[in-house]
Amino acid sequence: MLSKGLKRKREEEEKKEEEGLSVDSWWLDQGHPAAAQTPPPVASSSLFDLSVLKLHHSLRQGEPDLRHLVLVVNTLRRIQESMEPTTSLPPVSMPPTAPSVADSLLASSDAALSASMASLLEDLNHIEDLNQVPQPQADEGPPGRSVGGVPPNLGALDLLGPATGCLLDDGLEGLFEDIDTSMYDSELWVPASEGLKPGPENGPAKEETPELDEAELDYLMDVLVGTQALERPPGPGR
Amino acid sequence: MVLAWLPVASAHPHRGRHWSSRSQICVIVNTALTLWSTEGSTVKTTAIEEVVNSRMTRTLTEIDSQEESSGHSLLLQSCRCSSQEFCPADIISTVEFNYSGDLLATGDKGGRVVIFQREQENKGRTHSRGEYNVYSTFQSHEPEFDYLKSLEIEEKINKIRWLPQQNAAHFLLSTNDKTIKLWKISERDKRAEGYNLKDEDGRLRDPFRITALRVPILKPMDLMVEASPRRIFANAHTYHINSISVNSDHETYLSADDLRINLWHLEITDRSFNIVDIKPANMEELTEVITAAEFHPHQCNVLVYSSSKGTIRLCDMRSSALCDRHAKFFEEPEDPSSRSFFSEIISSISDVKFSHSGRYMMTRDYLSVKVWDLNMEGRPVETHQVHEYLRSKLCSLYENDCIFDKFECCWNGSDSAIMTGSYNNFFRMFDRNTRRDVTLEASRENSKPRACLKPRKVCTGGKRKKDEISVDSLDFNKKILHTAWHPMESIIAVAATNNLYIFQDKIN
């Protein structure tokens with residue numbers, strides 16, 4: 001079971017950011033008289049790590065700020081391209097339960113980033129599609145816009161459809177009376193599918209995830225391991 | 001002080017619901033704290049401490065004794081601001097003058113709207129300038145909970161836009177991330193006395209005692225300003241609303257979130273029309289979001305929207321129902337000599353505003369303000385540097401997330417000057433005719449009433465002169481993101497975190 005220590009996570013994150021500060025303090029040399037207008041052609045890895053941290057922090061929000069996410073990912077892409085201009089991961093689709101995937105992912109941080117981002121985005125797409133099954137274009141505007149219901153296999157996943165459930169009437173309270181609490185205890189966001197895609201195709205898309213408490217590598221591990229948990233019976237819903 | 005939570009399983013009327021960070025709900029029963037699980041049974045109470053700690057910035061809501069029911073009552077939500085200088089809920093998030101400039105509305109992070117009204121100037125005293133006093137305060141938005149997504153929706157007011165005044169009442173639109181509300185602000189300064197059927201204190205009179213009829217007369221009373229929500233436009237945005245803009249037809253308005261722009265009719269709340277949708281079929285391909293949108297001040301079919309990549313698209317609603325294809329595309333080619341990893345982030349446009357004339361539009365990116373001629377898409381006609389000295393600090397600003405700050409900008413009434421905010425409570429004004437610019441500071445220490453603001457200067461390198469401030473001494477927590485200019489006079493409103501400053505131009 002994953003730790004729910006939010007506080008611990010934040011401390012870890014701050015430590016990482018602090019380490020980033022001390023490792024490359026020349027970035028922060030504010031007294032530098034003729035500060036460079038252009039960065040070095042190859043970014044130091046700490047800028048990359050910083051961007052990855054920002055990306056994960058952004059994704060961990062309940063509802064990530066899409067603008068922040070898009071900008072961080074685009075910046076990360078630029079840094080990645082400058083660091084390894086010839087990197088191009090072959091598209092690999094692997095079964096989510098294969099432990100060897102973890103090894104190959106961890107072997108290369110770029111691959112890990114690509115994998116996690118690709119899987120997040122793909123799943124976002126998947127979930128959006130599920131919500132828009134009746135009419136892809138009809139999630140705005142027309143009266144009586146359907147909520148789409150809770151796709152039965154989402155389980156612990158958050159819905160990404162139109163925010164129609166913002167204000168519930170009293171009458172709907174009864175629907176939640178027998179909710180299995182364990183559904184809400186879970187803080188692990190798990191993608192529905194896992195796939196490796198080449199780095200340059202990555203883009204941000206995940207709208208929200210439940211809070212994740214693991215460090216970057218642990219997070220990737222849990223993502224892989226936790227896909228198994230998706231198969232449990234769905235919670236009550238419409 | 002404790003937080004108020006409400007049981008999901010009960011049928012009590014309530015003002016709002018809040019889920020704890022542990023997704024359990026607790027309810028205050030009289031003065032005791034009871035933690036309810038979603039199954040309706042009581043659970044231990046120790047978890048409440050954690051729950052309380054996670055709600056550091058909730059705002060105050062009142063005890064509403066009318067909602068007591070079978071012994072249950074709601075207690076106050078609290079704002080745990082003892083450790084902070086100010087309550088985070090007081091941070092001003094939007095400032096807007098109305099069309100006449102007599103009213104100034106501010107929205108804050110706690111969902112409140114405060115409206116200031118300009119005093120009528122005394123005719124006898126020529127030097128008396130109308131001051132702005134509080135006219136009305138109301139809670140526009142409350143924090144909400146989206147049950148389907150298990151997310152809380154912030155009550156922070158993102159934007160306020162006034163409607164043109166058509167009768168004695170004032171109307172404004174206020175929006176948070178998801179819901180737009182139309183508020184009516186009306187005055188009551190008379191009350192009727194001398195009813196036939198009831199006494200002065202409201203009790204019904206005994207019919208047998210009524211022997212004569214009288215006409216009620218209107219008597220003056222202390223001015224009472226009431227704000228009431230007239231329309232609620234909800235459930236139309238999947239993503240966070242960043243802009244609203246009232247059309248020049250005064251009947252419709254647009255609301256824009258990260259990926260879509262919707263068109264509403266002010267009278268109709270149950271539907272809106274989607275006019276721009278930049279959501280890609282595959283979200284993996286998303287590289288750009290909408291950052292701001294506005295209707296043209298005179299042409300009711302024209303709107304513009306800006307993007308995170310520094311581009312502006314002008315759309316004509318007459319061309320098609322879905323304005324995905326722009327009529328004009330404004331983008332300045334990138335200067336290769338200043339290219340960096342942060343080029344895209346600093347080019348992201350945080351605000352777009354048409355000039356009053358409708359001939360120009362102004363965009364604000366991280367380091368500059370640009371004025372565009374609507375007839376020239378290739379480049380702006382003017383570029384004003386707001387704080388170019390920050391260009392060498394972009395990496396630090398990326399690290400502390402300041403590079404993502406969204407500054408707004410505004411025109412003066414005659415479109416001859418523009419204003420925008422910066423850090424250290426500085427704000428900048430540019431005179432387009434004389435090409436002069438000035439940096440001023442909005443702070444209590446440095447501004448005495450009736451005293452002129454002293455121009456400030458940031459020292460970028462070398463020897464720091466007296467009265468200059470060096471870049472390294474700038475306080476990046478003191479940011480002026482929201483400013484507004486009176487539509488006709490030389491009066492400006494500047495929001496510095498949780499303080500509002502109003503400055504007037506001195507006239508001899």
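Naming: A, B, ... by sequence-line order, numbering from 1 per chain.
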Can you name the residues that form a ring-ring contact (aromatic ring centres under 6.0 Å, His included) with B/His387, not counting sequence neighbours?
B/Tyr366, B/Phe407, B/Tyr423
Under the criterion side chain to side chain contact (heavy atoms under 4.5 Å, CB included), I'd like the reasoning laid out for A/Glu63 against B/Asp177: C-alpha separation, chi angles, the key distance, then a yes or no.
CA-CA 11 Å; A/Glu63 241 184 316; B/Asp177 282 337; over 6 Å; no
Mind listing the closest non-hydrogen atom pair of [X] and [Y] along with its distance?
| X | Y | answer |
| --- | --- | --- |
| A/Asn74 | B/Thr287 | ND2-O, 3.0 Å |
| B/Phe404 | A/Lys54 | CE1-CD, 4.5 Å |
| B/Ser343 | A/Arg78 | CB-NH1, 3.5 Å |

Between B/Asp401 and chain A, with a heavy-atom cut-off of 4.5 Å, which part of the residue counts as in contact: side chain, backbone, both or neither?
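Looking at B/Asp401, backbone and side chain both touch chain A.
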With only heavy atoms counted, which part of B/Ile268 is less than 4.5 Å from chain A, the side chain, the backbone, both or neither?
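It is neither, since no heavy atom gets under 4.5 Å.
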Can you tell me how far the CG atom of B/Leu151 sits from the CD atom of A/Gln61, to the nearest 0.5 Å?
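Answer rounded to 0.5 Å: 10.5 Å.
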For the atom pair CG (A/Leu66) and NZ (B/Lys279), what is the distance rounded to the nearest 0.5 Å?
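So the gap between those two atoms works out to 10.5 Å.
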Tell me, with the steps shown, if B/Leu286 and A/Leu69 meet side chain to side chain contact (heavy atoms under 4.5 Å, CB included).
CA-CA 10 Å; B/Leu286 180 70; A/Leu69 201 55; over 6 Å; no
Do [X] and [Y] have side-chain heavy atoms sitting under 4.5 Å apart?
| X | Y | value |
| --- | --- | --- |
| A/Arg67 | B/Thr291 | yes |
| B/Phe341 | A/Ser51 | no |
| B/Ile403 | A/Leu71 | no |

Might you confirm whether atom NZ of B/Lys309 has over 12 heavy atoms from other residues, nucleotides or ligands at distances under 6.0 Å?
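Above 12, so yes.
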Before accepting this row, confirm whether a basic side-chain N of the pair A/Arg77/B/Glu344 lies closer than 4.0 Å to the acidic partner's carboxylate O.
no
Output, in order, the C-alpha distance, side-chain angles, deciding distance and verdict of side chain to side chain contact (heavy atoms under 4.5 Å, CB included) for B/Glu399 and A/Leu50.
CA-CA 7 Å; B/Glu399 191 176 350; A/Leu50 174 64; 3.9 Å; yes
What residues form a side-chain hydrogen bond (donor to acceptor under 3.5 Å, both in side chains) with B/Ser308, not counting sequence neighbours?
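For B/Ser308 there are no side-chain hydrogen bond (donor to acceptor under 3.5 Å, both in side chains) partners, ignoring immediate neighbours.
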